[in-house]
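Right, one structure below, let's go through it.
All residue numbers in this chain count up from 1 along the given sequence. Every value quoted in this text rests on a predicted model; they were computed, and no experiment measured them.
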Amino acid sequence: QYVIYFITGNSAEHDLTFTMDIVKAVQNYINKMVNEVTGMKVLLLDAETTPIISNVMTQSSLLSHETYLVDRIDNRNRDRLRHLKCICFLRPTSDTIQLLVEELRDPCYGDYYLCKSSNTLKKSAIERLAEVDEHEVVREEYFADYCAINSDFFSLNLSLPQHKIYGDSLNTWDGKTLQRITEGILAVLLSLKKKPLIRYEKTSVMAMKLATEVHYQIQQEGQLFDFRKTDTPPILLILDRRNDPVTPLLSQWTYQAMVHELLGIHNGRVGLYDVPDIRPELKEIVLSPDQDPFYKKNMYLNLGDLGANIKSYVEEYQTKTKSSMNIESIADMKRFVEEYPEFRKLSGNVSKHVALVSELSRLVEKENLLEVSELEQSLACYEQHASDLKNLLKIIASSNVSDDSKIRLVLLYSLRYEKSPNNSITSLIDELHRHGVSIHKISLIESMIQFAGADQRQNDLFSNESFFSRGKSAFKGLKGVENVYTQHSPYLARIIELLLKNKLKDTNYPFVDGGTKDRPQDIIIFMVGGTTYEEARHIAQINTSTPGVRIVLGGTTVHNSESFLNEIQETFYRFSPTGATGAMPSRFGRSRNGH
């Protein structure tokens with residue numbers, strides 16, 4: 001005999017400390033969930049709730065709440081541990097409900113406590129569960145239906161091929177994805193205790209549809225959103241990635257963004273399996289600002305300042321060991337760590353970062369990214385056609401630059417000079433063919449123009465030279481890291497600046513219902529089609545430098561250039577006449593993954 005419990009109560013009644021920190025919001029839910037059930041227990045998750053937990057909780061923190069085992073409900077080889085209670089933290093999808101029904105028919109544990117990650121458990125699902133449960137139940141929703149990455153940055157982890165955004169065209173939603181994104185946004189709002197006014201980009205049919213759907217669901221769930229009114233209403237602003245295709249295409253030079261661009265961050269983890277001579281314990285490392293103080297302090301620094309900070313830390317230990325090794329470069333630091341195993345034991349966290357920065361530096365040199373990045377910045381920030389074209393032709397002809405970098409540069413050129421009567425897009429495509437770049441990659445140029453060309457964008461993406469150009473700034477502090485240009489600021493920066501000055505026009509960013517003339521204080525921004533770590537860094541800078549303003553950014557996924565271009569490639573392949581029957585084209589890039 002077993003018992004299934006659905007923990008009682010609802011989110012609006014939770015005695016949680018309010019904050020616009022979404023990491024703490026999710027942690028509060030998880031802590032309350034595991035504390036509700038006393039004694040030794042198992043935490044049973046599904047494919048979607050696993051990263052939600054892993055991004056904000058450590059095994060030791062769960063263990064402190066007597067949670068001795070974490071497992072997946074789709075794992076068929078679990079041991080029977082009937083003396084343990086089981087907390088099921090699941091998204092109430094049809095597949096998960098089926099797995100839960102099978103679990104309850106042949107239980108591995110004693111008592112079951114079901115905690116849902118959203119408030120959408122259909123009547124039919126409740127009836128199916130009732131068939132295998134002889135006890136009356138009530139239920140509890142924990143609105144942790146998103147992955148909290150930074151304190152002010154989240155992702156819904158929706159990316160191809162598992163989740164397709166578009167339906168029959170670039171202006172229609174896939175129905176299941178629209179529902180999933182709506183649930184995710186509602187979960188963010190409920191966990192932050194916000195009932196916002198909703199604005200959206202007028203020219204984006206996708207943003208308008210999502211904004212309307214979120215507004216409708218808030219009205220339907222009026223009791224859940226019965227929060228105390230604030231003097232200044234919060235704002236939910238829904239944007240579309242198609243209005244800024246430039247930011248995901250650029251090389252990155254700040255720590256968190258650079259790791260994601262060159263190696264990929266997947267649910268807070270970075271794989272270093274292919275790194276030459278990597279030690280076994282460093283083949284997969286965890287990057288979490290909540291669990292790693294060094295990472296939290298340095299994740300927005302450029303590579304030079306980061307290297308200088310690691311160098312200082314290593315030198316501090318060097319004085320303790322009375323080592324006379326001369327440390328002048330990243331390679332010297334790596335060699336020092338390797339030769340002093342006691343340093344690895346005492347400072348495993350920093351040796352992890354030494355290995356990571358060493359690999360980033362190796363890839364920068366291998367892929368000639370300094371030269372590539374300089375031209376990227378020129379194309380993104382300035383109108384200087386003759387110079388850009390000359391440098392681009394030189395790079396296309398170079399054997400020291402990867403095909404991926406060549407394609408990204410031609411894409412940036414095409415986006416900037418698409419409407420210029422003397423553009424050389426056709427001749428650049430011919431040059432790419434001549435130098436052996438694959439036809440699948442070259443086809444991205446036409447796809448990008450259809451996806452986010454000038455006719456598809458709401459505003460002039462390239463009119464911001466005077467707005468945000470900061471001039472060329474050099475990285476300093478460590479040999480082996482050369483001068484790099486970082487003038488670009490994401491288009492999101494202009495939108496936020498106008499919003500905070502009350503100058504964001506209602507005609508371009510209308511309200512779904514109502515409006516306000518007040519300067520917003522609490523802002524949640526959601527990007528259809530994915531965000532980037534460059535944009536997340538900008539949000540963090542605003543939150544730090546602007547008293548009284550609290551902004552949270554999120555999106556369908558977190559892109560690097562590879563995941564962004566793969567999404568475009570696969571979307572247009574699906575729309576093509578051969579998409580239903582032909583072979584899938586090779587994916588863009590190496591093996592980097594978006595969130």
Side-chain angles (χ1 to χ4, degrees), residues 160-161 245-246 248-252 258 261-264 274-276 359-380 385-418 420 422-453 559-579 582-594:
L160 290 171
V246 168
L249 292 175
L250 299 175
S251 298
Q252 298 299 314
M258 194 175 186
E261 174 60 24
L262 295 179
L263 298 168
D274 298 327
V275 175
E359 176 61 10
L360 294 178
S361 300
R362 186 185 73 85
L363 291 173
V364 167
E365 184 175 355
K366 175 188 174 186
E367 300 190 14
N368 206 20
L369 290 181
L370 298 179
E371 181 181 3
V372 170
S373 181
E374 185 174 352
L375 182 52
E376 286 176 359
Q377 293 294 314
S378 176
L379 288 164
H385 182 258
S387 172
D388 287 341
L389 182 59
K390 178 182 176 182
N391 290 327
L392 183 48
L393 287 169
K394 177 184 174 184
I395 284 182
I396 290 175
S398 173
S399 60
N400 296 322
V401 176
S402 70
D403 289 353
D404 292 355
S405 292
K406 293 174 183 178
I407 286 292
R408 287 191 291 109
L409 286 167
V410 176
L411 288 171
L412 289 167
Y413 175 94
S414 301
L415 289 167
R416 172 170 280 284
Y417 296 112
E418 173 196 357
S420 175
N422 63 334
N423 76 62
S424 298
I425 296 175
T426 301
S427 62
L428 287 171
I429 291 174
D430 291 341
E431 284 298 300
L432 290 171
H433 280 295
R434 196 164 70 86
H435 287 88
V437 179
S438 76
I439 190 170
H440 289 306
K441 291 183 179 181
I442 293 174
S443 69
L444 275 165
I445 298 167
E446 181 181 354
S447 297
M448 179 64 78
I449 296 300
Q450 294 181 48
F451 180 78
H559 277 308
N560 53 26
S561 62
E562 179 184 327
S563 64
F564 179 54
L565 292 176
N566 277 332
E567 190 162 287
I568 294 174
Q569 187 179 55
E570 292 179 24
T571 295
F572 277 88
Y573 175 75
R574 190 163 57 85
F575 291 155
S576 70
T578 59
M584 184 67 205
S586 57
R587 290 172 64 83
F588 181 87
R590 298 187 298 269
S591 57
R592 307 182 301 244
N593 295 313

Side chain to side chain contact (heavy atoms under 4.5 Å, CB included) evaluation trace for Leu412 with Glu376: CA-CA 7 Å; Leu412 289 167; Glu376 286 176 359; 3.8 Å; yes
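- For the residue pair Leu415 and Ala452, the shortest heavy atom distance occurs at CD2-O, 3.6 Å.
- Here the OG atom belonging to Ser402 is positioned 9.5 Å from the CG atom belonging to Asn368, to the nearest 0.5 angstrom.
- Between the side chain of Asn423 and the main chain of Glu418, a donor-acceptor pair closer than 3.5 Å is present.
- You'll find the side chain of Val410 stays beyond 4.5 Å of the side chain of Glu431, heavy atoms only.
- Ring planes of Phe451 and Phe572: perpendicular class, angle over 60° (limits at 30 and 60°).
- Inter-residue side-chain proximity for Ser414 and Met448 is flagged as unmet; no heavy-atom pair is nearer than 4.5 Å.
- Counting only N and O atoms by type, the side chains of Glu261 and Ser251 include no donor and acceptor under 3.5 Å apart.
- By the 4.5 Å heavy-atom criterion applied to side chains, Arg362 and Pro276 are counted as neighbours.
- Going from atom NE2 of His559 over to atom CG of Leu565 covers 9.0 Å, rounded to the nearest 0.5 Å.
- A donor and an acceptor atom, one from each side chain of Asn566 and Ser563, are nowhere located under 3.5 Å apart.
- Between Leu432 and Lys406 the shortest heavy-atom distance is CD2-CB, 4.1 Å.
- Crowding of Gln450 atom CD: a count of heavy atoms from other residues, nucleotides or ligands under 6.0 Å exceeding 12.
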Check against side chain to side chain contact (heavy atoms under 4.5 Å, CB included), His433 and Ile439: CA-CA 7 Å; His433 280 295; Ile439 190 170; 4.3 Å; yes
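- Contact of the Asn391 side chain with the Ile395 side chain is not registered, since no non-hydrogen atoms from C-beta on lie closer than 4.5 Å.
- Residues Leu363 and Glu359 are in side-chain contact: their nearest non-hydrogen atoms beyond the backbone lie under 4.5 Å apart.
- Side-chain contact check for Asn560 versus Leu262: every heavy-atom pair is 4.5 Å or farther apart.
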